[in-house]
Amino acid sequence: MSDRLPDLARTPAHPATSYVTLAGADWLASAGPHPDDLHALWALHPDAPSVLPCGTAFDVINAPALFGRRMVDRLWSAGPGSGPVAAHRGRILLFAAPGTAQRLPALLVWEEWAAAVPPLLCHGSGDAVTIPPLHPHPAPAARTRPHGAPQSITAPADDAVAASRWLVAPDVRRPWLPGPDVLLWACVRAARPAAQESAAVTGEAAGQPRVSALA
């Protein structure tokens, strides 16, 4: 598997966001009861999606694509950053600290902007999620089509590539994972309209109380 999963750490010069490193694969495998079996599977099929249980190594917060991307943008532009993040079938999967799936919905109930947060799927203990391939597929342009075969034969595979990929791939054995408080903050920031965001900044500058306790 080492020739498909380079063991390179993420740096500004080499973000490595599209593939999982060997250290990152170790972390993902630790989520299952038989890590060696997962490594064996990935060695044979590094470009195939996998199903992993939640609740031990990580929880997953599953958000609609647009809102999820706004959460990730807020985390990186004004927050502490994110843990691993994946896109899968029109949803954004944010990997979070174990226990987040249980606590985040309870915290959202008390938040003023909760009504503006779209339904989130919170995967914790007893749940499982499908993760993207550890190594990205070849670009669609590199694919070859059998002579005389209709285009429809290869199109679904390319659609699947676009539907499941890493946005921030795990690259260390113990990645930092946001907890419920951090993701609540990201939800609030993503939910607030731009006009309200500007008004909140103006109010804070004038010494007025914040709209939200976590704003």
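The structure displayed is predicted, hence computed values, not measured ones.
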If you compare all heavy atoms of [X] against all heavy atoms of [Y], which two are closest, and at what distance to 0.1 Å?
X      : Y      : answer
Ile61  : Ala96  : CG1-CB, 4.4 Å
Gly124 : Cys54  : O-CB, 3.4 Å
Arg189 : Arg74  : O-NE, 3.5 Å
Cys187 : Leu120 : SG-CD1, 3.8 Å
Thr130 : Pro49  : CG2-CB, 4.0 Å
Pro180 : Arg103 : CG-NH1, 3.5 Å

Verdict with supporting geometry, Leu104 and Leu184, side chain to side chain contact (heavy atoms under 4.5 Å, CB included)
CA-CA 7 Å; Leu104 181 59; Leu184 175 64; 4.0 Å; yes
In this structure, would Leu183 and Leu121 fall into the same cluster of hydrophobic residues linked by side-chain contacts under 4.5 Å?
no
So if you build clusters from Ile, Leu, Val, Met, Phe, Trp, Tyr with side-chain heavy-atom gaps below 4.5 Å, do Leu93 and Leu66 land together?
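No, Leu93 and Leu66 fall in different hydrophobic clusters.
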Check step by step if side chain to side chain contact (heavy atoms under 4.5 Å, CB included) holds for Arg69 and Ile92.
CA-CA 7 Å; Arg69 286 182 177 274; Ile92 298 297; 4.0 Å; yes
Would you check, one step at a time, whether the test side chain to side chain contact (heavy atoms under 4.5 Å, CB included) holds for Leu108 with Val117?
CA-CA 9 Å; Leu108 274 172; Val117 177; 4.2 Å; yes
Step by step, work out the side chain to side chain contact (heavy atoms under 4.5 Å, CB included) result for Leu28 and Leu52.
CA-CA 8 Å; Leu28 289 172; Leu52 295 179; 4.0 Å; yes
With sequence neighbours excluded, what pairs up with Pro84 under the side-chain contact (heavy atoms from CB on, under 4.5 Å) test?
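Here the qualifying residues are Trp27, Phe95, Trp166, Pro170, Pro175, Leu177.
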Any side-chain heavy-atom pair of [X] and [Y] under 4.5 Å:
X      : Y      : answer
Pro133 : Pro46  : no
Tyr19  : Leu134 : no
Cys122 : Gln102 : no
Glu111 : Leu107 : no
Val20  : Ile131 : no

Report the distance from atom [atom1] of [X] to atom [atom2] of [Y], rounding to the nearest 0.5 Å.
X      : Y      : atom1 : atom2 : result
Thr100 : Asp181 : OG1   : CG    : 9.0 Å
His34  : His39  : NE2   : NE2   : 14.0 Å
Asp26  : Arg173 : CG    : CZ    : 4.5 Å
Ser82  : Trp76  : OG    : CH2   : 5.0 Å

Under 3.5 Å donor-acceptor, Asp171 side chain and Thr21 backbone:
no
Distance-only polar pair, side chains of His88 and Asn62, donor-acceptor under 3.5 Å:
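Short answer, no.
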